[in-house]
Amino acid sequence: MNKLKKNNIIKRKGPLVLVIMDGMGIGEENEGNAFYLARTPNLSSMMKTCPYITLKAHGTAVGLPSDADMGNSEVGHNALGAGRIFDQGAKLVSNAIASGNVFLTETWKELISGPIKDANTLHFIGLLSDGNVHSHIDHLLQIIKKAEIDGVKNLMVHILLDGRDVPETSALIYVKQLEDFLEIYKAKGLNFRIASGGGRMVTTMDRYEADWDIVKRGWEAHVLGKGRPFKSATEAIETFRQEDPKITDQYLPSFTIVDKGKPVGTIEDGDSVILFNFRGDRAIELTKAFEQDSFKHFDRERMPDVVFAGMMQYDGDLKIPKKFLVFPPSIDKTISEYLADSGIKQYAISETQKFGHVTYFWNGNRTEKFNDRFETYFEVPSDKIEFNERPWMKAAEITDKVIEIIESGEFEFIRLNYPNGDMVGHTGDLEAAVIAAETVDISLKRLLEAVEKVEGIAFITADHGNLDEMFEIDAKTGSFIKDSKTGKYKSKTAHTLNPVPVIIYDPKYNGEYELDRAVKDPGLGNVAATLLNLLGYDAPADYLPSLIRYKV
């Protein structure tokens, strides 16, 4: 049991409400910053009148390899909930490959056994980019290289096109890199090819069971070879772009590569499959399709008998997948565990797209609750449309429910995520992103009125930046990049390296504390200790320092 020590320095009648404005960072005030362009009177006022600072939400501050790595919702919520920084997926995988440890595992030996002994095929499925959020192309190339050294002769890659964590129409850069790499092995007489693919938002990479049809399209393309046929991945991408010049990589339809009219790389009995994404949220559903016998989400038509493994284990509680190459970070003693062990009732809510972030990732990659008596989760179903078509998403419904919970007086700690900034920012639609930011601000007005009424505190922050930088920026000049064909600025759909805001809204503040400006390089990991202090408890000794210090 991990119980907290009460100090009673900060006492409020109402709850502490944590608001995570997903994807809303603090960037340069220019025409590409949707947050700056939006009318946000409530946030603007609080930044001037309430305790306000900014936090690092990327790179080493959230456990990623370097400060050139953008943050993301997974590592952001891990850091927010854990109060400490753990090495994250990209860094763990890079280290395991560099050391060679990944190739010493029994899982690796089992994966390559059939392809070596029986000339079966080793398949790779995953996101093809260097975004380093879900995967990295360098990991894929290094593992392919080792597979050839170990004796694999048939190898197929099923590529998911990014355009979300990298420039929106950059797919051909990565496809060419992969095709050139595979040509080295083809020249040796090996059967190494790209076999299928599709844009990540319509093929394979669904999350939180929002739309199983996405996974079905991936299954049909990767396993059954039933995607639209093309001679190469390059031909597929170029054709789709000619048919719809406005389409971006993440929405490119699924496809299958054929030779003489037949798919080159269907997944068959005896084959091995590696899902090389290291991030879990968009990998779990395909994993279930490969591993579950009693699978009811769509008709798989046939279930190949394969050795299946993930790059990492995506859900440690549910053991998904059963086999994996790299162990995930072992995150213990999260703030939720301390609160549950101390008998403090907490409530977590978001819509489907970010529900797992305020539960699973917040709790240190744990699906199960720590204590059913003291934890309640509520999911608002997300719309199944492109988010720029309805940028307000489910903010009103989330707000309605949270106000109801605040007024009930049942919970001491409430956490919610407004997904608008992230999900709409990823579409690259500036006008819609402006509406997304304004939606969050309008929602906050209602929410804060409820907090004030019950004499509570609201702690407002974000997990990373996104809509604060909606145009691609030239790294050398610092100016926006223009599309050579249209003359318009190129849309940016990836996360940013910008810091995120922290606002403490405390209507009954009476001088008990102040922001601690002496905290060195404050980041998301400092939030957990701060929340505990605002709840009236001492933070655990091994947590990163609180952002506030007591004045009494």
Using a strict threshold of under 4.0 Å (side-chain N to carboxylate O), is an ion pair present between [Y] and [X]?
{"X": "K492", "Y": "E469", "result": "yes"}
{"X": "D422", "Y": "K354", "result": "yes"}
{"X": "D206", "Y": "R200", "result": "no"}
{"X": "K56", "Y": "D521", "result": "no"}

Near [X] [atom1], under 6.0 Å, is it more than 12 heavy atoms from other residues, nucleotides or ligands?
{"X": "E28", "atom1": "CD", "answer": "no"}
{"X": "K6", "atom1": "NZ", "answer": "yes"}
{"X": "F327", "atom1": "CZ", "answer": "no"}
{"X": "K288", "atom1": "NZ", "answer": "yes"}

>> Run E512 and R12 through salt bridge (Lys or Arg N to Asp or Glu O under 4.0 Å) and show every step you take.
In response: CA-CA 12 Å; E512 310 100 317; R12 299 291 180 270; 2.8 Å; yes
Against the six-membered ring of [Y], is [X] placed for a cation-pi contact (under 6.0 Å from the centre, within 45° of the normal)?
{"X": "K345", "Y": "F413", "value": "no"}
{"X": "K333", "Y": "Y338", "value": "no"}
{"X": "K551", "Y": "Y513", "value": "no"}

Hey, does the side chain of [X] reach the backbone of [Y] with a donor-acceptor pair shorter than 3.5 angstrom?
{"X": "R207", "Y": "R282", "answer": "no"}
{"X": "E285", "Y": "E209", "answer": "yes"}
{"X": "N533", "Y": "Y537", "answer": "yes"}
{"X": "E455", "Y": "K13", "answer": "no"}
{"X": "N42", "Y": "I442", "answer": "no"}
{"X": "N277", "Y": "R279", "answer": "no"}
{"X": "D468", "Y": "F35", "answer": "no"}
{"X": "R366", "Y": "K369", "answer": "yes"}
{"X": "T427", "Y": "V424", "answer": "yes"}
{"X": "D429", "Y": "E431", "answer": "yes"}

>> What verdict does the side chain to side chain contact (heavy atoms under 4.5 Å, CB included) test give for N33 and M470, after you've listed the backbone C-alpha separation in whole Å, the side-chain angles of each residue and the deciding distance to 0.1 Å?
In response: CA-CA 6 Å; N33 184 339; M470 296 294 293; over 6 Å; no
Taking atom types as modelled, is there a side-chain donor on [X] or [Y] under 3.5 Å from an acceptor on the other?
{"X": "S350", "Y": "Y418", "value": "no"}
{"X": "H464", "Y": "D22", "value": "yes"}
{"X": "Y36", "Y": "E31", "value": "no"}
{"X": "N7", "Y": "Y550", "value": "yes"}
{"X": "E351", "Y": "S382", "value": "yes"}
{"X": "S94", "Y": "H139", "value": "yes"}
{"X": "Q346", "Y": "S336", "value": "yes"}
{"X": "D67", "Y": "T60", "value": "yes"}

> Stepwise, does the salt bridge (Lys or Arg N to Asp or Glu O under 4.0 Å) test hold for D332 with R84?
Replying inline: CA-CA 10 Å; D332 63 349; R84 293 147 294 153; 3.1 Å; yes
>> Walk me through whether L444 and V19 qualify under side chain to side chain contact (heavy atoms under 4.5 Å, CB included).
In response: CA-CA 9 Å; L444 278 173; V19 180; 3.9 Å; yes
Can you tell me how far apart [atom1] ([X]) and [atom2] ([Y]) are? Round to the nearest 0.5 Å.
{"X": "L16", "Y": "I10", "atom1": "CG", "atom2": "CD1", "answer": "9.5 Å"}
{"X": "L416", "Y": "K401", "atom1": "CG", "atom2": "NZ", "answer": "13.5 Å"}
{"X": "S491", "Y": "F480", "atom1": "OG", "atom2": "CZ", "answer": "11.0 Å"}
{"X": "I214", "Y": "M201", "atom1": "CD1", "atom2": "CE", "answer": "6.5 Å"}
{"X": "Y360", "Y": "N365", "atom1": "OH", "atom2": "CG", "answer": "4.0 Å"}
{"X": "I460", "Y": "I20", "atom1": "CD1", "atom2": "CD1", "answer": "12.0 Å"}

> Should L140 and L128 be marked as a side chain to side chain contact (heavy atoms under 4.5 Å, CB included) after you check the CA-CA gap, both sets of side-chain angles, and the distance that decides it?
Replying inline: CA-CA 9 Å; L140 171 65; L128 188 72; 3.9 Å; yes
>> The test is side chain to side chain contact (heavy atoms under 4.5 Å, CB included); show your working for V519 and N526 and say whether it passes.
In response: CA-CA 9 Å; V519 174; N526 297 93; 3.8 Å; yes
Of the non-hydrogen atoms in [X] and [Y], which two are nearest, and what is the gap between them?
{"X": "M311", "Y": "Y314", "answer": "N-OH, 3.3 Å"}
{"X": "G23", "Y": "D463", "answer": "N-OD1, 3.2 Å"}
{"X": "L448", "Y": "A458", "answer": "CD2-CB, 3.5 Å"}

>> Show, in sequence, the C-alpha distance, side-chain angles and deciding distance for H58 and H495, and conclude whether the ring pair (Phe, Tyr, Trp, His ring centres under 6.0 Å) test is met.
In response: CA-CA 9 Å; H58 74 285; H495 297 166; over 10 Å; no
Min side-chain heavy-atom separation [X]-[Y] under 4.5 Å:
{"X": "W362", "Y": "R415", "result": "yes"}
{"X": "P391", "Y": "T439", "result": "no"}
{"X": "I137", "Y": "S129", "result": "no"}
{"X": "I331", "Y": "N78", "result": "yes"}
{"X": "P329", "Y": "D87", "result": "no"}

> Does the pair H77 and N417 meet the rule for a side chain to side chain donor-acceptor pair (under 3.5 Å), with working shown?
Replying inline: CA-CA 10 Å; H77 284 76; N417 181 303; 3.1 Å; yes
>> Set out, in order, the CA-CA distance, both residues' side-chain angles and the distance that settles salt bridge (Lys or Arg N to Asp or Glu O under 4.0 Å) for D400 and R446, then state yes or no.
In response: CA-CA 9 Å; D400 289 344; R446 297 175 53 219; 2.4 Å; yes
> Which is it for S479 and T477 under the side chain to side chain donor-acceptor pair (under 3.5 Å) test, yes or no, and what are the steps along the way?
Replying inline: CA-CA 5 Å; S479 58; T477 66; 2.7 Å; yes
> Are R39 and D441 close enough, and set up right, to give a salt bridge (Lys or Arg N to Asp or Glu O under 4.0 Å), and what steps lead you there?
Replying inline: CA-CA 8 Å; R39 184 178 180 275; D441 190 76; over 6 Å; no
> Aromatic rings H357 and F361: how do their planes relate, parallel, tilted or perpendicular, breaks at 30° and 60°?
Replying inline: tilted
